[in-house]
Amino acid sequence: FEEEVARLKASRLHPLHRKTLDILSQRIFEEPEAHVAGGIPVYVASEIAYRATIVRNIRRWSRTKGLSLDNVTRIDVIARHPDMDYLGKYNLFFSGIILTWPDDPARGIRLWWRRIDAEFVFYHEVGHHVAGRIEGGQVAEQEREADDYARQMMRNSRPVFTALGRATLWILGPVIRRLTGNSGHMDKAIPPG
């Protein structure tokens, strides 16, 4: 591998191919930050701060009841850049999950929201894997399926909060319907006479 990388670096390559070669040549020496779910390696880009926190989150998310990481080969967390048009990707060819993470520090509500957002994206990408996605790019039906899977995993990851939310809605449902004017059923018009 090293000899082939050296040979390719010495040749004339398109700039995008050179960048790909650089990324691949760095990966051979990478050590995973951790392993989750029975051995899936987690790689976190070195330029991202708080790598230990990210690994802790991924470990917790990977233990969510009902989550299926069977045959996932790796999880990569890369730095998010403004020119990226995605928050995560499912690598179809390697059955890998790629998450983006802002490399700037956050605190308070911003940090909390960042974690919730990243968790949803993680479950969404796993949803593509579970569904056996075979097309590249974004297909509306597959995106909906992955979102549905992510919502279910979010509920599974917070069983107490989910139960409290459902109980609250059950209790407050009649009040909310009365305030919004939605009685939950269609009123039949009574004919005159």
Worksheet item: Do we see a donor-acceptor contact under 3.5 Å between the side chains of Glu143 and His124?
Response: yes
Practice prompt. Report yes if some heavy atom in the side chain of His35 is under 4.5 Å from a heavy atom in the side chain of Ile40; otherwise report no.
Written response: no
Item to complete: Let me see the working for Trp61 and Leu67 under side chain to side chain contact (heavy atoms under 4.5 Å, CB included), right down to the final yes or no.
Response: CA-CA 9 Å; Trp61 303 340; Leu67 185 74; 5.6 Å; no
Worksheet item: Hey, does the side chain of Thr100 reach the backbone of Arg80 with a donor-acceptor pair shorter than 3.5 angstrom?
Response: no
Worksheet item: Should Leu164 and Ile116 be regarded as members of a common hydrophobic cluster, given that ILVMFWY residues are connected when their side-chain heavy atoms come within less than 4.5 Å of each other, either directly or indirectly?
Response: no
Item to complete: Evaluate the side-chain proximity of Val121 to Leu99: yes if any heavy-atom separation is below 4.5 Å, no if none is.
Response: yes
Practice prompt. Assess the side chains of Tyr123 and Glu119: does a donor N or O sit below 3.5 Å from an acceptor N or O?
Written response: yes
Fill in: Flag side-chain contact, heavy atom, 4.5 Å: Leu69 against Ser62
yes
Discussion item. Minimum heavy-atom separation for Ala45 and Arg51, please, with both atom names.
Written reply: O-CD, 3.4 Å
Discussion item. If I take atom OG1 from residue Thr53 and atom CZ from residue Arg115, how far apart are they, to the nearest 0.5 angstrom?
Written reply: 6.0 Å
Fill in: Side-chain heavy atoms of Ser68 within contact of Val130, under 4.5 Å
yes
Worksheet, complete the sentence: Tightest non-hydrogen contact, residues Ile48 and Ala79, listed as CD1-N, 3.6 Å
Discussion item. Measuring only between side-chain heavy atoms, which start at C-beta, is Phe122 closer than 4.5 Å to Ile75?
Written reply: yes
Discussion item. If the threshold is 4.0 Å, N to carboxylate O, is there a salt bridge linking Arg7 and Glu4?
Written reply: yes
Discussion item. Is the shortest side-chain heavy-atom distance between Ile98 and Val77 below 4.5 Å?
Written reply: no
Practice prompt. Please report the C-alpha distance between Asn57 and Arg60 in whole Å, then the side-chain angles of each, then the deciding distance to 0.1 Å, and finally whether the side chain to side chain contact (heavy atoms under 4.5 Å, CB included) criterion is met.
Written response: CA-CA 5 Å; Asn57 286 328; Arg60 190 178 78 247; 3.3 Å; yes
Discussion item. Check this for me, if you would: do Arg74 and Asp76 make a salt bridge, where the nitrogen-to-carboxylate-oxygen distance has to be below 4.0 angstrom?
Written reply: yes
Worksheet item: Thinking salt bridges, do Arg151 and Asp148 make one under a 4.0 Å N-O criterion?
Response: yes
Item to complete: Nearest 0.5 Å please: distance from the NE2 atom of His129 over to the OH atom of Tyr149.
Response: 9.0 Å
Worksheet entry | Hphob cluster co-occupancy, Phe120 + Ile109, side-chain heavy atoms under 4.5 angstrom | yes
Worksheet item: Asn156 side chain to Lys65 main-chain N or O, any donor-acceptor pair under 3.5 Å?
Response: yes
Worksheet item: Do Trp101 and Ile78 have side-chain heavy atoms sitting under 4.5 Å apart?
Response: no
Worksheet item: Do Val36 and Arg63 come close enough that some side-chain heavy atom pair is under 4.5 Å?
Response: no
Worksheet entry | Full working for side chain to side chain contact (heavy atoms under 4.5 Å, CB included) between Val126 and Met153 | CA-CA 10 Å; Val126 172; Met153 292 303 107; over 6 Å; no
Discussion item. Within this structure, what is the CD1-CZ distance for the pair Ile58 and Arg56, rounded to the nearest 0.5 Å?
Written reply: 12.0 Å
Practice prompt. Considering only NZ, NE, NH1 and NH2 on the basic side and carboxylate oxygens on the acidic side, decide whether Arg59 and Glu33 come within less than 4.0 Å.
Written response: no
